[in-house]
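Here the structure is laid out as structure tokens; the discussion comes afterwards.
Every chain is numbered from 1 and lettered A, B, ... according to where its sequence line falls, protein lines coming before strand lines. Heavy-atom basis, side chains included; hydrogens, waters and symmetry copies ignored.
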There are 2 protein chains.
Amino acid sequence: METSRNPGSAPRLTASYRIETPCDPERAAEAMAGEQSSGTFLKLAGETEALRERHAARVEAVIHRETVTTPSLPGAPPGDAYARADVTLSWPLENIGASLPNLLATVLGNLTELRELSGIRLMDVELPTRFIEALPGPQFSIDGTRRLTGVGDGPLIGTIIKPSVGLSPEETAALVKQLIEAGIDFIKDDELIADPPYSPLRERVPAVMRVIEEHAQRTGRKPMYAFNITGDTDEMRHRHDLVRDHGGTCVMASVNWIGLGALMGLRRHAQLAIHGHRNGWGLFYRHPQIGMSYRAYQALLRLAGADHLHVNGLASKFAEADASVIDSARACLRPLLERPERDDRAMPVFSSAQTVHQAHATFSQLQSTDLIYTCGGGIMAHPDGVAAGCRSIRAAWEAASSGVSLEDHAKQEPDLAVALRAFRSPFSG
Amino acid sequence: METSRNPGSAPRLTASYRIETPCDPERAAEAMAGEQSSGTFLKLAGETEALRERHAARVEAVIHRETVTTPSLPGAPPGDAYARADVTLSWPLENIGASLPNLLATVLGNLTELRELSGIRLMDVELPTRFIEALPGPQFSIDGTRRLTGVGDGPLIGTIIKPSVGLSPEETAALVKQLIEAGIDFIKDDELIADPPYSPLRERVPAVMRVIEEHAQRTGRKPMYAFNITGDTDEMRHRHDLVRDHGGTCVMASVNWIGLGALMGLRRHAQLAIHGHRNGWGLFYRHPQIGMSYRAYQALLRLAGADHLHVNGLASKFAEADASVIDSARACLRPLLERPERDDRAMPVFSSAQTVHQAHATFSQLQSTDLIYTCGGGIMAHPDGVAAGCRSIRAAWEAASSGVSLEDHAKQEPDLAVALRAFRSPFSG
């Protein structure tokens with residue numbers, strides 16, 4: 001996402017797409033602009049031209065790309081060839097106001113169903129400063145997350161409570177105790193557990209926070225626990241207060257299922273960091289000719305208030321390509337507004353099959369340690385135990401960020417040396 | 001959506017999928033069940049087997065279908081062939097509790113990203129009675145909507161304010177006056193207008209409701225106007241109250257962009273009918289190997305509180321096939337629970353290029369007039385004006401529901417006769 005830089009004229013927002021169409025791409029772009037602004041213009045006492053001038057969406061650019069012979073999506077009218085193109089449209093901000101759900105109704109909305117399009121993917125959005133300023137954005141972002149956890153530099157080393165389902169509040173607390181004594185910075189609930197009858201938050205939160213508070217009292221270091229409070233707006237606010245009242249610092253929500261309206265509703269109430277889990281995101285990116293890029297969507301999630309956002313990880317067990325993971329993480333780390341008083345970055349969360357082996361590639365492509373690096377087996381399955389697992393991951397990141405190879409660093413870090421023998425590199429062919 | 005009928009055992013919820021995989025489909029189904037319940041099972045003081053027994057997702061059925069040679073979605077490991085299959089999984093309700101966002105985290109969630117799957121589409125969900133009963137459901141449904149509008153039988157004849165953007169509150173009210181004097185039952189805002197600076201709801205609602213209230217006083221008939229209140233939870237509640245305080249009977253929201261968490265948040269507060277607009281739905285259905293069927297999703301939207309749900313229309317300008325439109329509408333009309341005290345159906349809303357010509361096909365396939373039939377040009381472009389347009393649509397539906405052909409009925413209905421000459425049938429090849 002980039003910020004619009006045309007302060008002289010009336011502010012406009014811009015969206016770019018990759019489309020595929022059996023029509024001429026210029027004509028398809030005009031149909032898109034028409035559908036998403038004027039609709040049917042009727043004769044209305046001479047207002048038509050003035051209205052169109054002021055409110056119509058504008059085709060800013062059409063760049064032709066390759067042509068294919070088979071449509072990517074069914075439902076388009078038959079044709080001999082389907083042209084792909086990059087299309088940029090813009091709208092006056094006045095059409096929408098500063099509203100994220102209404103932004104999506106405008107930049108995606110019915111476009112996803114147009115017969116003129118056999119492919120439609122939102123690639124990026126460019127928002128006027130006035131739009132960005134009117135929305136809350138993340139409350140804690142990266143600096144706030146570091147302050148809350150006492151992790152001044154390097155990534156936050158994290159893990160996820162497993163098994164995903166079935167542990168009682170007491171069993172969860174016992175596992176948390178083991179993990180924080182091992183030196184973990186961050187722990188999250190799995191997205192499969194929120195407030196189920198076998199582990200209600202009213203029992204899980206006090207049980208877990210008792211362990212964390214005791215540790216914080218003793219050591220001065222308070223690891224962050226992201227409690228999954230996913231639910232409707234009122235449930236989430238109620239659960240947020242429960243976490244806050246027991247000294248917790250973070251709440252997590254499945255952002256795609258609660259939706260932007262509820263994420264905003266949570267943010268307006270929140271005093272804790274919001275950990276945005278994007279499970280279900282595959283619906284939006286798995287097919288290249290339908291959906292929306294995370295580059296665009298992460299900006300909306302940040303503006304709605306997410307402090308942390310999942311981006312998968314390199315060489316993960318998921319279908320996403322590594323280049324896409326890095327593109328997402330870079331987008332999360334790019335400020336929407338450059339203002340000293342407002343940090344609107346989100347902290348990217350790497351996960352899925354991460355071990356010591358991905359630290360170098362991740363750092364070299366991102367050139368940042370402002371991230372949460374979560375490992376399951378990569379910590380838990382360390383032959384010398386969970387504490388050695390934590391130390392090995394931290395050592396791998398020290399090596400990565402100081403340009404030393406894992407093998408060299410392992411000479412001074414026995415836990416890393418053991419990890420290198422125990423975990424096979426996903427990059428070694 | 002069907003209701004589970006196994007009251008004897010612990011309640012389970014069931015989800016069915018169409019998948020595509022380079023693996024053996026049975027193994028892919030096991031991977032799906034594993035990912036969406038146990039995750040990684042660690043050794044935890046002997047609890048593992050008991051936990052698995054109680055909480056693991058179960059593969060209920062795998063039915064092999066065709067095999068293809070090219071994967072539908074990128075990111076899956078290479079293979080010689082990709083097998084398609086229908087897979088049914090079930091979970092104990094206890095894993096989730098009665099929560100719609102957490103249901104989706106469980107039945108879709110990470111499945112959308114699994115490398116084992118080169119296709120994954122949620123086809124249907126079967127929910128236990130206890131889950132359904134714990135959620136609010138629609139407050140007005142069909143009977144309530146008929147009561148509010150005074151339309152005892154036949155479809156509600158509706159239209160959408162066009163141009164979609166740009167009209168001032170006064171211009172909108174003038175158009176509403178013309179439409180309701182013409183006999184319209186239902187009017188909705190376009191999804192492109194919610195609360196923009198050029199027509200804020202605090203001005204549009206009083207302007208429109210003044211016209212409607214005056215008409216109701218004079219005629220005893222109060223057409224329904226669906227004000228688009230799409231926004232975050234607090235904004236929507238505030239705007240809902242504004243509509244209520246001015247005598248309005250319906251609010252509309254873009255359900256995909258506010259999300260289930262915010263729709264629930266609105267429903268818990270609402271005293272008015274909720275009109276669910278599904279713009280953006282193309283993201284979920286346009287490609288047959290990724291997404292979710294409306295058969296499944298509409299049930300969740302109803303349980304969250306939607307009284308009306310869009311289903312497109314037959315022979316529309318959109319890419320959806322007619323069979324899919326009818327399947328969606330039938331699903332909306334099927335009760336989730338058969339209880340005299342609870343009407344949990346949603347009223348399907350037909351739209352997009354609808355004229356007198358689609359009435360017969362729609363009725364014959366649906367065998368119901370419990371629907372909202374919205375026309376733009378099909379009413380506005382009637383050669384004898386908007387009132388004749390309304391009468392022609394009503395006449396077409398009278399003909400359809402009494403088994404008389406349009407041509408025969410047109411002999412007694414001059415407005416229908418004119419419409420038949422003015423509008424070309426989309427079915428006439």
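- Proximity to chain B is limited to the backbone of A/Ser72, based on heavy atoms less than 4.5 angstrom apart.
- Annotation: maximal heavy-atom pairing with chain A below 4.5 Å, among B/Lys317, B/Met236, B/Met264, occurs at B/Lys317.
- Listed for the A/Asp195 side chain is no donor-acceptor partner under 3.5 Å among the backbone atoms of B/Gly97.
- Atom NE2 of A/His238 has 12 or fewer neighbouring heavy atoms from other residues, nucleotides or ligands inside a 6.0 Å radius.
- Listed here is the closest heavy atom pair of A/Asp232 and B/Gly265: CB-N, 4.3 Å.
- Taking all atoms of both residues into account, the shortest heavy-atom contact from A/Ser37 to B/Ser164 is O-CB, 3.1 Å.
- Chain A forms more heavy-atom pairs under 4.5 Å with one residue of B/Arg115, B/His55, B/Glu116, B/Glu113 than with any other, namely B/Glu113.
- Residue A/Phe284 touches chain B through its side chain alone, counting heavy-atom pairs closer than 4.5 Å.
- Considering OG1 of A/Thr230 and CG of B/Leu103, their distance stands at 12.5 Å, rounded to 0.5 Å.
- Highest contact tally toward chain A, considering only B/Arg54, B/Glu191, B/Met292, B/Glu94, is held by B/Glu94 [criterion: heavy-atom pairs under 4.5 Å].
- The heavy-atom pair separating A/Leu51 from B/Pro163 by the smallest distance is CD1-CG, 3.9 Å.
- Each of A/Ala321, A/Pro77, A/Pro101 has some count of heavy-atom pairs under 4.5 Å with chain B, and the biggest count is that of A/Pro101.
- Residue contact with chain A, scored on non-hydrogen atoms closer than 4.5 Å, involves the side chain of B/Glu235 exclusively.
- With a threshold of 4.5 angstrom between heavy atoms, B/Leu283 approaches chain A through its backbone and through its side chain.
- Interface remark: of the candidates B/Gly166, B/Gly75, B/Ser118, B/Gly166 forms the most heavy-atom pairs closer than 4.5 Å to chain A.
- Side-chain N or O atoms of A/Asn95 include none that pairs as donor or acceptor with a backbone N or O of B/Leu192 at under 3.5 Å.
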Before giving the answer on side-chain contact (heavy atoms from CB on, under 4.5 Å), spell out for A/Leu108 and B/Trp257 the whole-Å C-alpha distance, their side-chain angles and the decisive distance to 0.1 Å.
CA-CA 10 Å; A/Leu108 270 173; B/Trp257 308 132; 4.1 Å; yes
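- Only the side chain of A/Ser254 comes within contact range of chain B, judged by heavy atoms closer than 4.5 Å.
- Interface remark: A/Arg286 contributes backbone and side-chain atoms alike to the contact with chain B (heavy atom separation under 4.5 Å).
- Atom OG1 of A/Thr233 and atom CG of B/Leu260 lie 11.0 Å apart (nearest 0.5 Å).
- Both the backbone and the side chain of A/Ala105 come within less than 4.5 Å of a heavy atom of chain B.
- Only the backbone of A/Ser316 comes within contact range of chain B, with heavy atoms under 4.5 Å apart.
- Atom CD1 in A/Ile229 sits 10.5 Å away from atom CG in B/Asn102 (nearest 0.5 Å).
- Put simply, CG on A/Leu104 and CG on B/Asn256 are 10.0 Å apart, with the number rounded to the nearest 0.5 Å.
- Interface check for chain B: of the options A/Ser199, A/Gly109, A/Pro196, the most heavy-atom pairs under 4.5 Å are formed by A/Gly109.
- To the nearest 0.5 Å, atom CH2 of residue B/Trp281 and atom OG1 of residue A/Thr112 are 10.0 Å apart.
- Considering every non-hydrogen atom in both A/Ile290 and B/Gly282, the closest pair reads CD1-O, 4.0 Å.
- Interface remark: of the candidates A/Arg267, A/Arg237, A/His277, A/Arg121, A/Arg237 forms the most heavy-atom pairs closer than 4.5 Å to chain B.
- At a 4.5 Å heavy-atom cutoff, the contact between A/Asn312 and chain B is made by side-chain atoms alone.
- Ranked by non-hydrogen atom pairs under 4.5 Å with chain A, the options B/Leu266, B/Asp190, B/Leu73 are led by B/Leu73.
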